[in-house]
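Following: one structure in structure tokens, then a few remarks.
When reading the values below, keep in mind they use all heavy atoms of this one structure, side chains included, and skip hydrogens, waters and symmetry mates. Reminder, nothing fancy here: chain letters follow the sequence lines and each chain counts from 1. Worth saying up front: this structure is predicted, and the values here are computed from it rather than measured.
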Amino acid sequence: MKAKKGQVRVITGNAVGAYGAMVCRPEVVAAYPITPQSEIAELLSQFKADGVLDAEYVEVEGENSAMNVVLAASIAGARVFTATSSYGLVFMYDALQETSGFRAPVVMVNANRETPGIHAVSSGQQDMISARDTGWVQIVVENDQEILDQTIMAYRLAEDYDIQLPVMVNYDGFYLSYLAEAVEIPNIEDVDEFLAPLKQQPERQKLVPGVSIGCGTHGMEMGYVEARYKHCMALERVKNKVDEIDKAFGDYFGRSYGGQIEEYRTEGAEIIVLASGSAAGTVRTVVDTKREEGVKVGMVKLRLFRPFPAERLIKALKGKKAIGVIDRSLCFGWKYGPICMELKTLAVNIGAIPILSYIDGLANLDINVPHIERVIDEVNAAAQGKPYQEVTWIPMEE
Amino acid sequence: MKAKKGQVRVITGNAVGAYGAMVCRPEVVAAYPITPQSEIAELLSQFKADGVLDAEYVEVEGENSAMNVVLAASIAGARVFTATSSYGLVFMYDALQETSGFRAPVVMVNANRETPGIHAVSSGQQDMISARDTGWVQIVVENDQEILDQTIMAYRLAEDYDIQLPVMVNYDGFYLSYLAEAVEIPNIEDVDEFLAPLKQQPERQKLVPGVSIGCGTHGMEMGYVEARYKHCMALERVKNKVDEIDKAFGDYFGRSYGGQIEEYRTEGAEIIVLASGSAAGTVRTVVDTKREEGVKVGMVKLRLFRPFPAERLIKALKGKKAIGVIDRSLCFGWKYGPICMELKTLAVNIGAIPILSYIDGLANLDINVPHIERVIDEVNAAAQGKPYQEVTWIPMEE
Amino acid sequence: MVIKHKNIFKTESAWSNADEKLLCLDTGSWRTERPVLDKEKCNYCGLCALYCPPQCMKDMGDYFEADLAFCKGCGICATECPRKAITMVPEGEFADEG
Amino acid sequence: MVIKHKNIFKTESAWSNADEKLLCLDTGSWRTERPVLDKEKCNYCGLCALYCPPQCMKDMGDYFEADLAFCKGCGICATECPRKAITMVPEGEFADEG
Amino acid sequence: MAARMLASAFVLEGKSVASFPMYGFERRGAPVVAFTRVDDKPIREKTQIYTPDCLIVIDPGLLALTTLFTGLKPEGVFILNSPKKLTEQPDENLKTSGVVNATQIAVEEIGRDIPNTCLLGAFAAATGWLELKSILSCLPDYLSGDILQRNLKSTERGYREVEVTKW
Amino acid sequence: MAARMLASAFVLEGKSVASFPMYGFERRGAPVVAFTRVDDKPIREKTQIYTPDCLIVIDPGLLALTTLFTGLKPEGVFILNSPKKLTEQPDENLKTSGVVNATQIAVEEIGRDIPNTCLLGAFAAATGWLELKSILSCLPDYLSGDILQRNLKSTERGYREVEVTKW
Amino acid sequence: MVEKTKKKSRVFNYFCEEDQFAGGVAWCSGCPLELTARFVPKVLGKNVVFVGTPGCAAPVLHGQNVGAWHRLAYMASVMTGVPSKATGLSRYYRRIGQDATVVCFTGDGCATDVGFQPLSGAAERGEHIIYLAYDNEGYMNTGNQRSSATPLGAATTTTPVGKIGRGKTTVSKNMPLVMLMHRPAYMATATLSHLEDFAKKLVKAKEKVKEGFVYLHVFSPCPVGWRINSNMSIEVCRTAVRTNYFPLWEAEDGKPRFTVEIANPKPVAELTKLMRKFSHLKEDGLAELQKAVDERYALVKNLCDAYK
Amino acid sequence: MVEKTKKKSRVFNYFCEEDQFAGGVAWCSGCPLELTARFVPKVLGKNVVFVGTPGCAAPVLHGQNVGAWHRLAYMASVMTGVPSKATGLSRYYRRIGQDATVVCFTGDGCATDVGFQPLSGAAERGEHIIYLAYDNEGYMNTGNQRSSATPLGAATTTTPVGKIGRGKTTVSKNMPLVMLMHRPAYMATATLSHLEDFAKKLVKAKEKVKEGFVYLHVFSPCPVGWRINSNMSIEVCRTAVRTNYFPLWEAEDGKPRFTVEIANPKPVAELTKLMRKFSHLKEDGLAELQKAVDERYALVKNLCDAYK
Ligand SMILES: Cc1ncc(C[n+]2csc(CCOP(=O)(O)OP(=O)(O)O)c2C)c(N)n1
Ligand SMILES: Cc1ncc(C[n+]2csc(CCOP(=O)(O)OP(=O)(O)O)c2C)c(N)n1
Ligand code: SF4
Ligand code: SF4
Ligand code: SF4
Ligand code: SF4
């Protein structure tokens with residue numbers, strides 16, 4: 001560990017997002033306000049007004065433009081940042097696809113919120129799920145400190161020459177965006193140092209005036225296939241890269257998160273709860289209690305959602321007796337929650353064990369201790385060969 | 001069969017889409033032109049100019065508005081129609097989510113095309129995949145006649161009181177949109193008759209001026225969960241409904257398509273090719289040849305993509321020895337093609353047999369006979385226990 | 001699945017209906033000041049009632065009276081009254097009334 | 001996987017570069033008529049060259065000449081020439097030339 | 001469009017047809033390919049045609065393409081729009097060819113460089129797969145009025161003026 | 001905001017804290033709830049608090065809520081902003097309560113109806129979980145200038161004027 | 001004792017309907033938006049169908065579960081879809097002969113920014129809808145961020161004042177004139193200090209929407225975001241008119257005319273001093289703002305004069 | 001024999017750069033868009049960065065695999081993102097001191113319809129970009145569908161003529177004036193018959209974009225879609241100017257002035273007869289179109305007069 005101790009402040013998840021961006025010295029920032037993200041846009045504006053942040057700040061007229069602005073600036077060579085949530089995320093959908101297709105290393109934080117359809121200003125991971133086919137890297141974090149640390153790691157990942165992909169850092173809106181915790185804000189020079197390895201890499205292609213070069217050209221037939229193939233291969237490379245960067249971050253700053261997934265008390269565990277986001281924190285506490293009661297339960301926290309960390313999940317879950325997956329969102333057209341549905345793709349590799357899908361915490365509802373206890377009890381029973389229910393909408397049964 | 005013989009015309013898939021809409025007597029139509037769909041917008045305009053189509057036709061300024069127009073008209077009580085493709089589909093993404101969340105029985109045809117990111121004016125199912133999390137019903141068809149028949153069936157499905165969901169009818173852009181085939185256009189009175197059962201059902205809620213009633217209200221907490229739950233349950237109901245309507249259509253018009261999936265020579269088959277869209281037609285011919293050669297191969301054609309026809313697929317595939325899945329699109333973040341990835345979710349139920357993923361036909365490339373022969377040969381080898389490659393990008397190996 | 005949830009909406013999607021439930025806040029409790037009328041000065045022009053944002057002024061025949069259940073105490077009526085017939089008085093002074 | 005495909009792009013994404021490959025169509029073949037100049041009438045004002053959409057007129061010092069590799073035969077030069085120095089002649093008449 | 005007219009004509013003769021064009025990226029000028037399948041049974045393949053029975057070339061410039069005849073079936077027929085006659089067998093696979101100056105006929109009859117219907121006439125004559133009258137009776141589905149009349153003439157002239165060679 | 005100031009004060013005393021509000025749909029006026037967790041160990045739960053150790057009520061109107069005290073731990077503390085004193089034990093679970101007329105103090109000191117900092121003072125006094133000076137030294141992180149001075153006063157008065165009852 | 005005239009204001013005569021809203025709705029104290037929302041259906045009548053979106057007017061358009069804030073029909077929308085939804089409704093209602101006044105009711109943020117494209121499109125198509133934009137010069141519901149309608153120099157949470165920052169650096173989008181150039185069947189500016197003027201315009205809007213598109217731009221200060229004392233918000237409206245900061249005019253078939261003319265306009269400082277969002281402006285800042293105001297007023301005046 | 005003056009047109013003096021395009025580019029024969037695309041960088045120079053989108057100008061912006069149609073830097077975009085992408089580029093280039101002229105190059109369809117919102121937003125923010133909209137009055141690349149810029153009565157594939165249909169039923173969006181009301185640093189209308197006028201405006205655009213936003217609206221008839229003989233497209237441009245159908249003007253800092261004034265404007269029928277998209281119009285149809293043209297011209301004229 002080389003980094004000096006940073007400043008500890010009690011700030012909200014949103015403020016953490018803003019600080020996380022700021023210490024990475026983005027050069028072009030564009031954002032449009034939306035609950036529960038607005039505070040980020042405001043704070044970055046304030047940083048700029050106070051001369052603390054030396055960036056172009058573009059007050060765009062909508063999210064679609066926010067993404068286009070940072071995409072283009074990134075292609076021109078800038079380090080860029082933006083932030084959104086829900087309605088904003090789905091309104092920039094075409095731009096999201098373009099950004100990953102152009103291989104622009106944009107970093108965005110997304111404060112998870114329910115998507116339009118049924119109007120709601122409330123927490124839920126549906127927006128993240130809605131963007132799973134955009135070709136972005138998607139990471140989910142659990143608490144405020146992780147928002148900050150992951151934002152820094154996101155730059156190191158996105159701008160890596162072997163990756164060149166946009167990265168979305170997701171955190172639960174409301175539950176984290178407004179949660180004030182004590183957070184250590186690293187010194188900006190230490191962040192410079194951590195991101196310095198990027199400078200040793202070959203330069204990525206940039207759009208330069210006066211040079212006969214064009215970006216976003218038509219990929220014709222095999223040109224198209226090639227570009228898509230490279231995109232998919234880069235996503236494959238992301239998996240190990242996430243582990244490596246997490247380790248490097250730990251070595252340097254003294255905090256690390258397990259990379260693609262985190263295993264919590266999985267050693268000797270017979271059953272596993274798979275969770276992501278802020279709910280993972282609560283799951284930890286219940287795992288501890290249940291362990292004390294003698295239940296051999298562990299938790300796997302999904303940190304990387306895109307690309308889906310298939311290999312590490314298989315490794316972590318192989319040999320277990322049953323799994324419960326908690327989803328804070330829906331997978332339309334399937335009975336299971338989306339993370340559960342994707343996990344089941346690996347069922348053949350994991351073994352034909354019970355995988356129980358739980359849908360909970362939609363629309364600001366709590367994923368609380370009794371809910372998680374229930375999950376563990378049911379998964380435990382299933383592990384012992386008892387009959388079980390494949391899918392449970394917890395709130396509908398209360 | 002009761003319907004009289006319709007008029008046979010040699011027209012393109014797009015024209016078929018326009019006729020398909022017209023015979024259902026939509027009251028409000030909105031569309032924005034885009035290759036390869038534009039012909040639909042043009043033909044519907046011409047029908048209207050010629051007095052053949054008695055509908056409001058709204059020449060919107062973009063696809064996002066097209067969807068909003070028909071959504072609202074539908075909520076007011078109208079039968080509505082729209083058509084798009086690719087860039088248009090992803091630009092109306094927020095509106096797509098709203099439409100399904102509002103449970104508006106909008107019918108849309110989508111001429112499949114590659115999505116932005118890498119610019120391309122070419123065929124591919126990526127747009128359909130990009131919309132899989134919108135809560136829409138998504139159906140894929142194989143040929144021109146099916147475009148027309150499925151459009152009619154789509155109204156019967158969407159407006160069914162037990163369903164009340166928007167339905168997207170997908171067909172391969174270029175390969176079908178511009179393909180001229182002889183198509184039977186049913187008599188409009190027969191279509192009226194086929195859709196008449198909708199009139200016997202209870203009326204869905206409509207937005208009426210002067211009445212204290214509001215649509216798209218905030219679903220708070222359990223209100224939200226309830227609405228989402230109903231949405232998911234309606235999607236579950238779609239599955240059987242699709243089978244029923246297909247049967248009813250067959251009884252009445254003499255053409256039917258198998259409902260959620262079609263099984264082609266699956267009886268006695270040991271290996272299966274799972275395909276969708278226009279490629280399925282070519283697969284049929286290769287299956288026939290291979291059968292003659294003694295290979296016990298059959299095809300399953302995926303017609304319903306959302307909701308995913310899990311139960312019928314399990315039934316059709318259980319006991320087979322190996323499966324090859326042909327995807328004309330990608331599932332970012334997974335190695336497999338998207339339909340293959342979803343199919344694998346069912347692997348535990350189907351049995352631990354080899355499932356081979358093939359990615360082919362991107363960006364207007366052909367999914368041709370040699371490719372399909374290769375797929376069948378490899379799947380056949382895998383069925384015999386030979387080692388196999390999990391994922392193959394066919395064009396990259398050529 | 002044992003659904004214990006009792007449906008909130010009769011419809012498939014989320015429709016609201018004021019006849020079923022008219023949402024209403026106790027905005028009277030926001031008030032820190034209360035409009036007090038000097039009936040002598042009032043000439044029943046109704047400007048106070050017209051400008052009152054929550055439109056909570058009741059027509060009393062020859063003067064207007066704020067509905068204290070809803071009056072937010074903004075003071076617009078007092079400012080806008082051409083006759084200065086309305087005064088804003090701190091709520092504290094009415095504490096005993098309930 | 002045995003990748004036989006040879007990369008088209010050097011970069012990760014799709015970048016084009018006219019120095020590497022300047023796309024160019026044989027637009028000369030679109031022509032059904034060809035501009036023919038009467039040098040006597042021409043006063044070298046250059047309007048034909050300025051208005052020519054594909055900008056295919058070459059400056060020959062005291063007159064302009066269409067590059068027949070690219071001239072699309074639109075006839076604008078002939079229409080716009082203030083001296084009527086250009087005539088459009090059907091390509092058929094030049095069939096033997098090539 | 002011509003491909004569709006051809007398809008309609010075959011349908012009139014009781015065949016199944018499937019016809020589709022592949023567009024280039026460009027607005028115009030770049031080669032556009034159209035495929036038409038004809039069969040007695042329903043057509044299920046939805047692919048490009050790699051081994052055609054007949055090749056119709058509208059732009060004689062394409063003769064320079066080395067791959068032009070790749071896949072053309074033995075006994076295949078080749079129809080060419082060109083003012084010049086073929087002096088030698090363009091491809092060894094090729095047994096029958098029909099050349100017609102469709103551009104000129106079109107310019108004369110229709111007044112514009114739209115050689116397509118003329119080539120349909122030539123197709124019917126050179127292949128013998130289709131009656132001229134089937135084509136003629138399909139045109140009114142696509143054209144009307146004066147333009148129709150002109151195209152009917154152009155088709156007929158194609159039928160009559162095509163020069164068929166057996167190699 | 002008040003919840004965050006409280007959290008900061010605890011951090012100053014070396015505790016771990018996690019504090020978050022739940023917003024209603026409305027712009028203002030509707031009840032807004034904020035939760036603060038304090039612990040010696042890192043806090044991992046990210047849920048609402050169902051069984052609080054202390055309940056601070058800013059709007060006395062909420063006393064009418066029948067569920068107000070649901071979950072309050074035995075030995076729990078209840079802080080109320082009200083001009084009126086509590087004449088009877090509001091809930092049988094409740095052992096300690098502190099009442100202060102924070103609205104009035106705020107109006108007097110700050111000039112506006114912002115009773116929050118005053119209630120923090122009352123909280124420190126009634127619970128004894130926190131030193132007054134920890135709160136006071138946190139306020140400059142959130143406020144400045146004249147407003148800070150006024151709030152400091154308001155906090156102190158809350159600390160001094162809260163009327164603590166043990167039931 | 002003062003002589004009482006006992007004559008109620010004429011504005012009452014424009015009302016054809018009771019207040020359609022619940023007594024207690026969650027608008028901030030003193031907010032003219034509340035007055036706007038309640039006033040509009042009183043004049044337009046029961047067959048108003050509101051189309052609305054997130055923003056401070058959400059009570060106009062979003063119920064909560066089965067509950068609603070008012071007794072009118074309405075449709076909630078994402079910010080990107082308001083006028084398009086109104087189009088769908090109005091087209092169908094007209095088709096079936098259903099009497100309806102379809103009213104889009106959004107803030108300036110939706111109208112000038114993230115929902116501007118469909119608004120412009122609906123105007124171009126001449127849809128039979130009324131679009132009412134209440135202009136509080138920012139995104140208020142999300143916490144007072146700048147919108148395209150935020151004026152030069154104003155401090156908002158995204159154009160904050162700081163060491164370097166001096167409020168918004170560009171003038172606002174001149175939305176009334178931008179919309180005039182769309183040549184709606186009818187359009188007008190209005191504000192809450194001039195209620196009879198507003199009522200007349202609503203009456204005209206209801207009439208002219210039968211011919212085509214109607215746009216209403218309502219100046220609606222935000223006491224909370226602009227930092228105005230709650231009792232002064234109507235006075236702010238009035239002062240905006242009297243300083244020519246917000247001139248009152250209307251245009252039938254593209255021909256503008258003033259409905260209120262100000263003989264001796266006051267300086268804009270009279271307006272800015274009523275609120276604190278401009279309190280950091282020094283003399284030069286105020287002079288710049290005054291220049292922007294003058295320039296804009298001259299533009300409207302020129303156009304009005306041309307059509308006299 | 002006519003006396004030869006041997007004096008080359010002055011327009012040549014505005015060129016500072018060779019043609020940047022390949023000799024053979026896939027624009028239709030006689031299309032003024034091709035002339036526009038080739039003309040612009042000749043005047044603006046090598047550091048132009050084009051941002052473009054699908055449409056007939058795609059060659060300006062989309063290469064094909066590694067190949068490109070021209071030798072300039074460019075960025076391709078979806079239709080919804082052009083001015084926002086230009087913003088991102090221009091902000092960064094200015095920040096690092098890179099000389100660049102960022103030019104959005106789109107059709108009217110993108111500018112007035114599906115890409116209008118970001119255009120309006122960029123104008124409001126005063127971004128340092130040039131937005132050039134070539135106006136061929138429809139979506140040409142997708143097959144001549146109507147756009148918001150399609151004029152009253154014009155037949156397109158989505159406003160076709162038929163038993164009932166009579167072409168477009170609404171007037172076009174008055175885009176130049178809508179943009180004027182955004183008060184760009186500079187804006188101008190231009191067309192291809194008046195090349196010196198156009199060149200001067202480009203030179204001014206390059207200068208004024210240093211101060212803020214620049215909008216150029218270039219009338220660019222589509223020989224194919226409008227059904228004009230290919231040799232007549234420049235004449236159509238000229239006639240559009242001479243009939244006041246498309247007046248030539250510019251506005252620095254919001255102050256419009258004519259750059260070409262027409263003494264005796266010809267009736268619009270002189271224009272419509274040069275193409276077939278209006279050929280179904282009877283006398284009344286033409287009269288309506290004439291009225292629309294007159295009304296619009298009067299509006300510009302009033303504004304120009306006001307700033308004289
Ligand atoms: C696409 C999208 N982006 C952002 C938001 C977040 N949002 C909700 S309300 C609001 C402000 C609306 O401003 P305005 O229309 O002016 O209304 P006001 O809040 O001022 O009443 C915003 C940005 C949203 N709902 N949708
Ligand atoms: C979101 C979206 N919708 C539709 C299209 C299809 N499209 C491609 S080009 C085009 C027409 C563009 O019109 P305009 O901008 O006027 O350019 P022109 O074709 O006239 O040159 C359209 C609608 C698209 N590319 N993206
Ligand atoms: S405004 Fe004043 S005078 Fe008029 S009715 Fe109200 S209180 Fe009376
Ligand atoms: S104080 Fe405000 S809310 Fe109360 S009556 Fe007066 S104007 Fe209405
Ligand atoms: S935030 Fe402003 S505009 Fe919104 S309700 Fe409150 S005072 Fe009115
Ligand atoms: S379609 Fe029209 S605008 Fe497009 S290149 Fe051809 S002539 Fe020009």
Applying a strict 4.5 Å limit to non-hydrogen atoms, the region of H:Leu89 in contact with chain A is both
The interface call for H:Gln117 against chain A, heavy-atom contacts under 4.5 Å, is both
Max heavy-atom pairs within cutoff under 4.5 Å with chain A, candidates H:Ala100, H:Gly81, H:Ser90, H:Ala86, goes to H:Gly81
Looking only at A:Gly223, A:Pro209, A:Ala72, most heavy-atom pairs under 4.5 Å shared with chain H are made by A:Pro209
Applying a strict 4.5 Å limit to non-hydrogen atoms, the region of H:Phe50 in contact with chain A is neither
Most contact-rich option vs chain H, by heavy-atom pairs under 4.5 angstrom, among A:Ala66, A:Gly210, A:Gly216, is A:Gly210
Ranking H:Met75, H:Glu127, H:Gln98, H:Arg95 by heavy-atom pairs under 4.5 Å to chain A gives rank one to H:Arg95
- Task: Measure the acute angle between the ring planes of H:His62 and A:His218, then classify it against the limits of 30° and 60° as parallel, tilted or perpendicular.
- Result: perpendicular
Using the six-membered ring of A:Phe194, assess whether NZ or CZ of A:Arg156 lies under 6.0 Å from its centre and within 45 degrees of the ring axis. yes
Of the listed A:Ala55, A:Cys215, A:Ala73, A:Ala227, the one with the largest count of heavy-atom pairs under 4.5 Å with chain H is A:Cys215
Pair A:Lys48 + A:Glu56, salt bridge at N-O below 4.0 Å
no
Cut-off 4.5 Å, heavy atoms of chain A, and the answer for H:Val78 is both
Ranked by heavy-atom pairs below 4.5 Å to chain H, first place among A:Val208, A:Thr217, A:Asp94 goes to A:Thr217
Under 4.5 Å to a heavy atom of chain H? For A:Glu98 that would be side chain
Which of A:Val60, A:Val58, A:Thr84 passes side chain to side chain contact (heavy atoms under 4.5 Å, CB included) with A:Tyr32? It is A:Val60
| message | Check H:Asp99 with H:Arg94, please: is the shortest side-chain N to carboxylate O separation under 4.0 Å? | response | no
Applying a strict 4.5 Å limit to non-hydrogen atoms, the region of A:Ala95 in contact with chain H is neither
Original post:
Any salt bridge between A:Glu61 and H:Arg125, counting N to O under 4.0 Å?
Top reply: yes
Margin query: Assess whether a salt bridge exists between H:Lys204 and H:Glu252, defined as any Lys/Arg side-chain N lying under 4.0 Å from an Asp/Glu carboxylate O.
Written below: yes
Most contact-rich option vs chain H, by heavy-atom pairs under 4.5 angstrom, among A:Gly219, A:Gly62, A:Gly77, is A:Gly77
Only residue of H:Asp108, H:Asp135, H:Thr112, H:Thr189 satisfying side chain to side chain contact (heavy atoms under 4.5 Å, CB included) with H:Met175 is H:Thr112
Checked H:Thr101, H:Leu72, H:Thr87 vs chain A; the most non-hydrogen pairs under 4.5 Å come from H:Leu72
Per side chain to side chain contact (heavy atoms under 4.5 Å, CB included), H:Pro41 is matched among H:Phe105, H:Phe15, H:Phe21 by H:Phe21
